[in-house]
Amino acid sequence: QVQLVESGGGLVQAGDSLRLSCAASGRTFSTYAMGWFRRAPGKEREFVGVVTRSGGNAYYADSEKGRFTISRDNAKNTLYLQMNSLKPEDTAVYYCAASRYSTIHYSGNWYDYWGQGTQVTVSS
């Protein structure tokens with residue numbers, strides 16, 4: 001079992017940067033691929049990005065490429081999402097999630113554990 005707690009959300013202006021964190025409980029953090037997802041008001045949940053178990057590789061949704069960076073510190077059981085050049089359309093609740101599967105997945109259906117989410121609001 002893994003418990004995930006996101007933090008770092010807030011209200012920022014367009015063009016600003018924000019870093020989200022996701023703290024994981026347990027000793028098995030490094031055995032999970034870790035993803036970030038978001039849900040904007042009135043929209044479906046969407047994939048933001050995912051990082052491999054070791055942190056050696058990360059994959060992103062097209063709209064986030066070049067602006068967002070996912071990293072992890074397995075020694076600290078923590079996942080990060082660095083968001084730069086934020087846009088109003090990035091406004092959403094952001095969730096971290098853990099996947100036990102060895103293959104990288106972009107669909108939330110392949111993730112076993114989810115955090116409660118942290119709100120990010122970008123004003124224009």
Side-chain angles (χ1 to χ4, degrees):
Q1 183 106 15
V2 176
Q3 292 185 326
L4 304 172
V5 179
E6 302 95 336
S7 62
L11 173 62
V12 297
Q13 293 186 331
D16 285 352
S17 297
L18 202 60
R19 188 176 82 157
L20 306 183
S21 298
C22 171
S25 66
R27 302 178 180 177
T28 59
F29 178 68
S30 63
T31 66
Y32 292 89
M34 295 298 298
W36 285 100
F37 294 79
R38 66 186 183 187
R39 186 189 300 271
K43 295 187 177 181
E44 296 290 319
R45 181 182 64 198
E46 65 174 353
F47 169 79
V48 173
V50 58
V51 64
T52 56
R53 295 169 176 175
S54 67
N57 290 288
Y59 305 89
Y60 303 92
D62 288 342
S63 60
E64 279 74 62
K65 286 181 181 177
R67 295 192 303 126
F68 291 6
T69 302
I70 296 176
S71 62
R72 65 191 295 166
D73 186 336
N74 285 342
K76 296 182 178 179
N77 281 11
T78 304
L79 173 74
Y80 303 100
L81 177 63
Q82 177 68 43
M83 303 185 292
N84 299 327
S85 302
L86 282 162
K87 306 174 183 178
E89 50 264 45
D90 294 319
T91 294
V93 178
Y94 284 72
Y95 300 90
C96 64
S99 173
R100 70 183 188 274
Y101 297 96
S102 57
T103 305
I104 291 295
H105 292 284
Y106 290 15
S107 168
N109 294 333
W110 293 90
Y111 289 76
D112 305 285
Y113 304 103
W114 294 80
Q116 83 291 346
T118 186
Q119 176 71 48
V120 172
T121 303
V122 184
S123 63
S124 57

Exercise. Looking at the rings of Phe37 and Trp114, which for Trp means the six-membered one, are their centres under 6.0 Å apart?
Worked result: yes
For this session: Could you please spell out the steps behind the side-chain contact (heavy atoms from CB on, under 4.5 Å) verdict for Thr28 and Gln1?
Result: CA-CA 9 Å; Thr28 59; Gln1 183 106 15; over 6 Å; no
Exercise. Do Val120 and Arg38 touch side chain to side chain, with heavy atoms closer than 4.5 Å?
Worked result: no
Exercise. Salt bridge (Lys or Arg N to Asp or Glu O under 4.0 Å): which pairs involve residues 105-124, sequence neighbours left out?
Worked result: Arg100-Asp112
Exercise. Counting only heavy atoms not in Gln3, do more than 12 sit closer than 6.0 Å to its CD atom?
Worked result: no
Exercise. Are Trp36 and Leu79 close enough that some pair of their side-chain heavy atoms sits under 4.5 Å apart?
Worked result: yes
Problem set entry | Any side-chain heavy-atom pair of Tyr59 and Ile70 under 4.5 Å | no
Exercise. Leu20 versus Glu6: any side-chain heavy-atom pair under 4.5 Å?
Worked result: no
Problem set entry | pair Val122-Asp16: side-chain heavy atoms closer than 4.5 Å | no
Exercise. Yes or no on salt bridge (Lys or Arg N to Asp or Glu O under 4.0 Å) for Lys87 and Asp90, after CA distance, side-chain angles and deciding distance?
Worked result: CA-CA 5 Å; Lys87 306 174 183 178; Asp90 294 319; over 6 Å; no
For this session: Side-chain contact test, heavy atoms from C-beta onward, threshold under 4.5 Å: evaluate it for Phe29 versus Val2 and give yes or no.
Result: no
Problem set entry | Side-chain heavy atoms of Arg53 within contact of Ser102, under 4.5 Å | yes
Problem set entry | Validation row: Ser99, Tyr32 side chains within 4.5 angstrom (heavy atoms) | no
